[in-house]
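Residue numbers start from 1 in every chain, and the chains themselves are labelled A, B, ... in the order their sequence lines are given, proteins ahead of strands.
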Amino acid sequence: MQSVLEPSAAAAGPSWRERLAQAVPFLVLAPSLAATLIYVFVFTGWTLYISLSNSSLLPTYKFIGLKPYADLWANTRWNIAYHNLFIFSAFYVVGAMAVGLLLAIVIDQRVRGEAIWRTIFLYPLAVSFVVTGTVWSWLYTPDTGIQLFVRSLGWSNFTFALTTDRNLALYAIVITGIWQSSGFAMALFLAGLRSVDQDIIKAAQIDGAGVFRIYARVILPTIAPIFLAVMVVLLQFAIKTFDLAIALTNGGPGIATTFPAIYVYDLMFQRGQIAQGAAAAIMILAALAVVLVPYSLWLVWRKRREGKNG
Amino acid sequence: MADIALTRALDPEAAIAGRRYFRSRTIIYGLLTIFAIVYLLPLVVVILNSFRQLPEIAQNGLIAWPRSFSFKAWVDAWSTYCVGGTCAGMQGNFFNSLKLAIPATIISTAIGAINGYILSKWKFRGSEILFGCMMLGVFMPGQVALMPWAYILGTLHLTNSTYGLILIHCVQGISFTTLFCRNFYVNIPDDLIKAARIDGAGFWRIFRKIILPLSPPILIVTVIWQFTGIWNEFLYAVIFTSGREQPITAALVALSTNGTNVRVYDVMSAAVLIGALPPLLVYLLGGKYFVRGLTQGAIK
């Protein structure tokens with residue numbers, strides 16, 4: 001297959017029929033390859049160009065430089081969205097990993113009915129963010145949800161009104177996000193725990209190390225790459241947060257739980273400020289790149305190193 | 001473990017160890033139970049409320065033992081409830097989602113299988129680099145593609161139609177499906193392919209006779225991943241469709257922000273379950289494959 005793209009050098013080369021047969025794989029791949037490359041490169045370039053234009057209600061292609069970006073960063077709502085993203089990411093990633101790790105370690109203790117427990121902890125992942133957000137928004141509503149329930153148990157001063165408090169609404173999204181994603185962290189951690197060489201654990205046990213010590217010193221360090229993978233994936237979820245916040249708080253109260261993805265949607269399709277919306281979309285892409293580029297480089301580096309060490 | 005404990009029943013050290021074992025088991029199952037309750041609570045609440053009557057929900061709140069029972073909310077949610085002027089329930093939106101998710105899943109999986117086959121067994125100069133570029137599609141945030149898609153759908157007259165969404169999900173799905181299939185096919189020994197080629201089998205024949213029969217595990221993973229992902233997708237659904245053309249996710253949000261007056265929790269619970277059931281069923285039936293898709297999609 002080396003020579004598909006080059007004309008055959010030999011005069012008595014393969015017949016056109018053979019050459020066609022050789023080109024088949026590339027010809028079959030070409031349409032979907034082209035579609036994907038357009039999607040990745042042309043779309044990104046297109047949006048990047050719009051973000052440097054004076055587009056408002058409709059995209060126009062008059063280049064005005066970085067002004068949309070300046071407007072974006074001068075906008076209070078964008079700054080709140082950006083700030084929210086940092087806080088949300090931190091709590092959500094750490095929370096989901098902590099819960100996921102705890103569940104994975106507990107399930108790893110040879111519990112009965114492992115499949116049932118795993119099914120319970122993972123099912124939120126099959127359900128959409130819209131469904132999750134809608135249901136949790138009901139549970140957070142003080143006069144119908146958790147607050148009412150706890151009060152009906154007799155604790156009449158109990159308050160649990162996260163979504164109506166502009167300082168706390170973000171944490172309602174954090175809790176729901178953790179609820180939804182910790183099963184994912186659990187599944188990956190559990191796979192990691194199962195892959196640890198049993199001989200190393202046995203050696204540590206013979207040396208008299210306790211369970212906690214074995215986990216802290218032996219098992220968890222060997223699955224460090226999985227921590228990183230889980231973190232990167234969860235950060236990606238966090239940066240793309242849109243459905244969950246829309247369904248749960250719709251960005252409110254006020255603009256307290258705006259996220260960058262909501263801002264893009266709003267500016268492009270509600271307010272007709274397409275250039276600034278495109279600039280915000282590019283910022284989301286940049287945030288993803290900040291997370292993913294170092295991670296991919298690290299993966300490549302690790303692969304090379306493993307290759308060298310045999 | 002059990003018979004060892006029996007033979008040493010009189011050993012005091014073993015008794016302490018046994019007690020400690022019992023205590024640690026209690027903690028383990030206690031933790032699992034608490035977490036299971038938290039995880040199941042929202043689901044149980046929605047299921048119960050979809051069978052309760054609204055006056056009772058209004059009186060006792062959402063989290064309460066049902067004292068009434070009726071199928072009315074399900075009937076309303078499915079066929080008669082009014083959202084934005086049309087009173088046909090969610091059934092239209094449910095079928096929209098099916099009409100979207102099934103073709104988009106089949107097409108993108110088929111393309112992914114063929115692409116994966118080419119990129120693992122028919123490599124050509126530069127194919128690895130092209131594969132790397134295709135993988136960038138996995139990470140693309142939807143927001144970056146919004147304006148281009150709006151333009152393309154507008155030009156093709158596919159706005160506010162299921163076909164437009166099918167197109168979007170096919171193109172965006174190719175990166176994922178190609179990745180899944182390619183990584184699976186790489187592990188099929190090349191000798192199998194070489195032997196078949198020596199026997200005169202061509203590109204398609206090898207695909208049909210060798211690759212496809214080995215493919216069911218990865219095809220199930222891919223189909224589950226694509227179906228649940230497309231069914232649950234919201235951003236494109238809400239932007240490029242409206243009213244009767246909306247898939248179920250967008251319709252659910254329209255339904256819950258629709259509330260001018262009292263929230264109809266009974267009908268909304270049933271509606272939410274109608275929207276959640278297909279992916280939940282897929283998850284329960286193909287759980288093992290669902291998890292495999294997750295771990296592969298995440299790490300690679």
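For A:Leu122, the parts lying near chain B are the backbone and the side chain together; criterion is any non-hydrogen pair under 4.5 Å. Neither the backbone nor the side chain of A:Ser51 comes within less than 4.5 Å of any heavy atom in chain B. Neither the backbone nor the side chain of B:Ile57 comes within contact range of chain A; no heavy atom of the residue lies under 4.5 Å from a heavy atom of that chain. Both the backbone and the side chain of A:Arg112 come within contact range of chain B, each with at least one heavy atom under 4.5 Å from a heavy atom of that chain. Heavy atoms closer than 4.5 Å to chain B are found in both the backbone and the side chain of A:Ile120. Contacts of B:Phe203 with chain A are made by side-chain atoms alone, with heavy-atom separations under 4.5 Å and no backbone atom involved. Interface remark: B:Val38 contributes backbone and side-chain atoms alike to the contact with chain A (heavy atom separation under 4.5 Å). Using a 4.5 Å cut-off between heavy atoms, A:Leu285 contacts chain B through both its backbone and its side chain.
Relative orientation of the B:Tyr117 and B:Phe207 rings is tilted, given thresholds of 30° and 60° on the angle between their planes. B:Trp225 and B:Phe176 have tilted rings, their planes meeting at an angle from 30° to 60° on a 0 to 90° scale.
No other option in A:Val111, A:Val135, A:Thr44 has as many heavy-atom pairs under 4.5 Å with chain B as A:Val111. Residue with the most contacts toward chain B among A:Tyr265, A:Trp117, A:Phe242: A:Trp117 (heavy-atom pairs, distance under 4.5 Å). Note: A:Trp138 leads A:Trp46, A:Phe149, A:Trp138 in heavy-atom pairs under 4.5 Å with chain B. Per-residue counts of heavy-atom pairs under 4.5 Å with chain B were compared for A:Ile50, A:Leu125, A:Ile116, A:Asn250; the largest is that of A:Leu125.
Ion pair B:Arg52/B:Asp266 not flagged as a salt bridge, since none of the NZ, NE, NH1 or NH2 atoms sits closer than 4.0 Å to an Asp/Glu carboxylate oxygen. At a threshold of 4.0 Å, the pair A:Glu114-A:Arg194 counts as salt-bridged, since one of the basic side-chain nitrogens sits closer than that to a carboxylate oxygen.
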